[in-house]
Engineer: 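Before I ask anything, here is the structure I am working with.
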Amino acid sequence: MLQRERTIVAGALRSALSQAFGLDHDPVVEVPPQRRLGDLASPCALHLARELRQAPRAIATRLVECLELPEGFERVTVEGAGYVNFHFARSRFAATMIDAVPVARSASVDSRSKVIVEHTNINPNKAAHIGHLRNAVLGDVLARALRQLGQTTEVQNYIDDTGVQVADVVVGFLDLRGCSVADIEALPEPFDYVCWDLYSEVGRWYEADPKRLELRRRTLHALEAGEGRRAEAGRLLARRIVARHLATMARIDIDYDLLTRESEILRLDFFVAAFEQLKETGAVRFEESGKNAGCWVMPLADSEEFQGLEDPDKVIVRSDGTVTYVGKDIAYQLWKFGLLGRDFEYARFDGGPLWETAPSEPEAGDAGDERFGEGSRVINVIDARQAYLQRIVRAGLEALGHRDEARDSIHFAYEMVALSARTAERLGFSGDARLEMSGRKGIGVKADDLLDQLETKSRDEILERRGPDGTDRDDEAASEDIGVLARQIAVAALRFFMARATTTRVIAFDIDDATSFEGESGPYLQYSIVRARNIRRRLREEGLAQEVHRSRVASLPDGVWSDDLWDLVLLASQCQEVVERAAATLELSLIARHAVDLAQKFHAIYHRHPILHEQDADLRDARLAVTQVFERSLQALAQILGVPLPARM
RNA sequence: GCGCCCGUAGCUCAGCUGGAUAGAGCGACGGCCUCCGGAGCCGUAGGUCAGGGGUUCGAAUCCCUUCGGGCGCACCA
């Protein structure tokens, strides 16, 4: 909403600048820190003071004289050091907010293009931990934001089912424990927890006798070839673990459009196609000698961003003929853009709505009209430690002459999640400093454990508020399923915790902090909405109108909008630009922060300005209007954040 | 050695393309439920924005530098 007004103000200022000083200047328009100062402001007089050799306030005053007050504004003032501040005609602007869609299709979105978001990508060999949750929440919130902005978006979850990590657990089952494939199949849930322990056990087993690493190598080959008992065990393992990961993510309302499997990339020779292209364009060369003798390498020395590397060449094909991860990833990235000239075959995963890449089977059903890949922009949500590899993938596209696609290959990098000293110590790990999680060492907090803990705590809090028998003040609330509500609160707490952190910062995961339901938290957002809804319910019960109409708001005297009420209206009008900026800069914490700002303002207003007991009809309707605007705005942001909003708490 | 990220209140962190008095949450202390639900609100205390230079009318923000901390720089993913 506010973007339009910003443009209008900028236009008015520009023509005033032209008229008063004969300048062609593009003025900055911002929101002043306090509402009494105004609603939109420009520091352009400060910027131009040097050029015009005049005092900023004098410039500002002159500007205001020449300024034609734009429609919808009540006055313009000069404030502070020389700011030109615009004040809305409040009732009029508030009325436009009543029916406004808080976050609508963005003008900058091309409806024909598709963005591919890849996230989660957990190695299918053990349970998901909280680090994976950060990845999945960021990816999911990004996808939701893009879709809210009208962008066609496809979410892919890459399954590395032929890598070392899977191989290690296969070795654990077959060699360390002497299991058969049938034994693995018969293991009870939680299968991913079993593998969690086994994986770290295998690590120690290798260390005890390094000759055992030969088993890993042999298993890796079997996985890549897709044949034999080891491959069969690997397929079963990956399939069971993926099912568990999907179940974990479903608990926090995260889903996908497509699972892409590395085994299919190998089976369909995607790399062979990519390799042909790389050789043709000279992007890779064969090393006859040196430390990389016998390998195909991609030279990076010419590229600006790879200066200063010890070894300016990246191995793509090893001397034994196998392909490195980067090689496979370049092929996969080409496919995402529709540049490979090959496609997967598709089937439903476990007969559900989710698609996976798979050998087509007669009964499995093919994708029909479903078309995957062929994105115009690809956003890979991968932690910051892999920045180097992501840059090489991009350089690969560049070397193949796909400049646009290289530019549109975006690495959404975020920092890792470590354990806080306090939490690490409580879990029995040595914790003198922040502790990095490690699947190999078995250090970490499992995602499902954290979710269980959050749900238990939610349930306790609900029961505490409702009394020991779980009944509320009335029958409707008593019949509510406390389990459902507890889950909603847990989801809100977790998702908000992950979404509010700036991506460039390492999260020091603290269990107390993460399970807090007070202050800046998901439940705090939920509670604010519950309060807004309660007001309207109470109005209904009292036989009063629970909504105020736009035309009524427009006719209110401007004096009813005290600065604190007005602040919330103005904040609500910024939802669209906040979400657009978040999506453009991949700084999704902006959305979470904005949601908290809104909720904080509303909670404060709630205590200061009663609605039900207000006798003055104008005041009551203004407050009701603010409540409506708040509700709509926070609902829109909560939808993007994936924070569910319960009817009661 | 080269590159990226971080250093703001006791703790965890915001601070938008340089701008108005550096803000939240947690913790501490003190208040507020005969009044729309206290998962809330109001107030108090707490800051050499790591240090030092520079650019500017103006720097937490931009540049240089020093010091701390984290992460990368594989024929592993």
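A quick note: this is a predicted structure, and the numbers were derived from the prediction, not measured. Just so we're on the same page: letters track the sequence lines, and every chain starts at 1. Values reported hereafter were calculated over all heavy atoms of this structure, with side chains retained and with hydrogens, waters and symmetry mates removed.
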Engineer: Verify the contact: side-chain N or O of A:Asn534 to OP1 or OP2 of B:C36, cut-off strictly under 4.0 Å; return yes or no.
Structural biologist: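 For B:C36, neither OP1 nor OP2 has a side-chain N or O of A:Asn534 closer than 4.0 Å.
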Engineer: Would you mind checking if A:Asp161 and A:Arg261 are paired as a salt bridge, meaning a charged N to carboxylate O distance below 4.0 Å?
Structural biologist: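 Yes, this pair counts.
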Engineer: For the residue pair A:Ile122 and A:Asn157, what are the closest heavy atoms and their distance?
Structural biologist: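 Scanning both residues completely, I find the closest heavy atoms to be N-OD1, 4.4 Å.
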Engineer: If you look at every strand shown and take non-hydrogen atoms under 4.0 Å, does A:Leu389 touch a base, only sugar-phosphate, or nothing?
Structural biologist: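 Base contact.
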Engineer: Which is true for A:Gln526 with a 4.0 Å heavy-atom rule: it touches a base, it touches only sugar-phosphate, or it touches nothing?
Structural biologist: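 Contact class for A:Gln526: none.
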Engineer: Would A:Lys328 and A:Phe270 count as a cation-pi pair here, with the cationic atom under 6.0 angstrom from the ring centre and within 45° of the axis?
Structural biologist: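 Checked: cation-pi criterion not met.
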Engineer: If the C1' atom of B:G47 is compared with that of B:G23, how far apart are they to the nearest Å?
Structural biologist: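 Between the two C1' atoms, the distance is 12 Å.
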Engineer: Using atom P of each nucleotide, how far apart are B:C26 and B:G7 to the nearest Å?
Structural biologist: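 Taking atom P in both B:C26 and B:G7, they lie 22 Å apart.
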Engineer: Indicate, with a heavy-atom threshold strictly under 4.0 Å, whether A:His609 touches base, sugar-phosphate, or nothing.
Structural biologist: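 The answer is base, as A:His609 lies within the cut-off (heavy atoms under 4.0 Å) of a base atom.
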Engineer: Can you tell whether the side chains of A:Lys601 and A:Asp564 come within less than 4.0 Å, N to carboxylate O?
Structural biologist: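 Salt bridge absent between A:Lys601 and A:Asp564.
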Engineer: Answer yes or no: is there a side-chain heavy-atom contact under 4.5 Å between A:Val284 and A:Pro299?
Structural biologist: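 Of all side-chain heavy-atom pairs linking A:Pro299 with A:Val284, none is under 4.5 Å.
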Engineer: Decide side chain to side chain contact (heavy atoms under 4.5 Å, CB included) for A:Thr322 and A:His221; before the verdict, give the C-alpha distance in whole Å, the side-chain angles of both, and the deciding distance to 0.1 Å.
Structural biologist: CA-CA 9 Å; A:Thr322 59; A:His221 271 288; 4.0 Å; yes
Engineer: Polar pairs (N or O, both sides) under 3.5 Å between protein and nucleotides 22-30 of chain B?
Structural biologist:
residue : atom : partner  : partner atom : Å
B:A24   : O2'  : A:Glu520 : OE2          : 2.5
B:A24   : O2'  : A:Gln600 : NE2          : 3.0

Engineer: Can A:Asp512 and A:Arg426 be counted as an ion pair, charged N to O under 4.0 angstrom?
Structural biologist: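 Counted as a salt bridge, because a side-chain N and a carboxylate O are separated by less than 4.0 Å.
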Engineer: Using a 4.0 Å heavy-atom cut-off, does A:Ala55 contact any base of the nucleic acid, only the sugar-phosphate backbone, or nothing at all?
Structural biologist: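 Nothing, no heavy atom under 4.0 Å.
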Engineer: Here's a test of your reading of the structure: between A:Ile507 and A:Arg391, which maps to the more 5' nucleotide of RNA chain B?
Structural biologist: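 The residue whose closest nucleotide sits nearer the 5' end is A:Arg391.
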Engineer: Give a yes/no on whether any side-chain N or O of A:Arg385 is located under 4.0 angstrom from OP1 or OP2 of B:G70.
Structural biologist: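 No, outside the criterion.
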Engineer: Taking C-beta and beyond as the side chain, do A:Glu541 and A:Arg537 meet within less than 4.5 Å on heavy atoms?
Structural biologist: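 A side-chain contact under 4.5 Å exists here.
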Engineer: Taking side-chain hydrogen bond (donor to acceptor under 3.5 Å, both in side chains) as the test, write out the residues that go with A:Glu461, two or more places apart.
Structural biologist: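 With sequence neighbours excluded, A:Glu461 shows a side-chain hydrogen bond (donor to acceptor under 3.5 Å, both in side chains) to A:Arg465, given in chain and number order.
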Engineer: Under 3.5 Å, which N/O atoms of the protein pair with N/O atoms of nucleotides 57-61 of chain B?
Structural biologist:
residue : atom : partner : partner atom : Å
B:C57   : OP1  : A:Arg50 : NH1          : 2.3

Engineer: Does A:Arg57 reach a base, just sugar-phosphate, or nothing at all? Heavy atoms under 4.0 Å.
Structural biologist: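 No contact.
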Engineer: Report yes if a side-chain nitrogen or oxygen of A:Tyr524 is closer than 4.0 Å to either non-bridging phosphate oxygen (OP1 or OP2) of B:C41; otherwise report no.
Structural biologist: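 Affirmative; the distance criterion is met.
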Engineer: Quick one: salt bridge (charged side-chain N to carboxylate O under 4.0 Å, His left out) pairs with a partner in residues 576-585 of chain A, sequence neighbours left out?
Structural biologist: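 Checked against salt bridge (charged side-chain N to carboxylate O under 4.0 Å, His left out) - neighbours excluded - the pairs reaching residues 576-585 of chain A are A:Arg6-A:Glu577.
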Engineer: Looking at A:Tyr606, is A:Arg531 sitting on its ring face, NZ or CZ under 6.0 Å from the six-membered ring centre and within 45 degrees of the normal?
Structural biologist: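 Yes, A:Arg531 lies over the aromatic ring of A:Tyr606.
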Engineer: Verify the contact: side-chain N or O of A:Arg648 to OP1 or OP2 of B:G37, cut-off strictly under 4.0 Å; return yes or no.
Structural biologist: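 Looking at the OP1 and OP2 atoms of B:G37, neither is under 4.0 Å from any side-chain N or O of A:Arg648.
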Engineer: Decide, yes or no, whether a salt bridge links A:Asp313 with A:Arg285 under the criterion of side-chain N to carboxylate O below 4.0 Å.
Structural biologist: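 Counted as a salt bridge, because a side-chain N and a carboxylate O are separated by less than 4.0 Å.
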Engineer: Under 3.5 Å, which N/O atoms of the protein pair with N/O atoms of nucleotides 6-10 of chain B?
Structural biologist:
residue : atom : partner  : partner atom : Å
B:G7    : OP1  : A:Arg505 : NH1          : 3.3

Engineer: Only Watson-Crick and G-U wobble pairs, only distances under 3.5 Å, only runs of 3 or more: what stems does that leave for RNA chain B?
Structural biologist: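 In RNA chain B, stems of three or more pairs: B:1-7 with B:67-73, B:10-13 with B:23-26, B:28-32 with B:40-44, B:50-54 with B:62-66.
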Engineer: Touch check for A:Ser319, heavy atoms < 4.0 angstrom, all strands: base, sugar-phosphate only, or nothing?
Structural biologist: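 Touches a base.
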Engineer: I'd like to know if A:Asn85 reaches the base of B:A20 with its side chain such that a donor and an acceptor end up less than 3.5 angstrom apart.
Structural biologist: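 By the distance-only test, yes, there is a pair.
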Engineer: Which part of the nucleic acid does A:Ile489 contact within heavy-atom distance under 4.0 Å: base, sugar-phosphate only, or nothing?
Structural biologist: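 The answer is base, as A:Ile489 lies within the cut-off (heavy atoms under 4.0 Å) of a base atom.
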Engineer: Under 4.0 Å between a side-chain N or O of A:Tyr325 and OP1 or OP2 of B:A77?
Structural biologist: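 For B:A77, neither OP1 nor OP2 has a side-chain N or O of A:Tyr325 closer than 4.0 Å.
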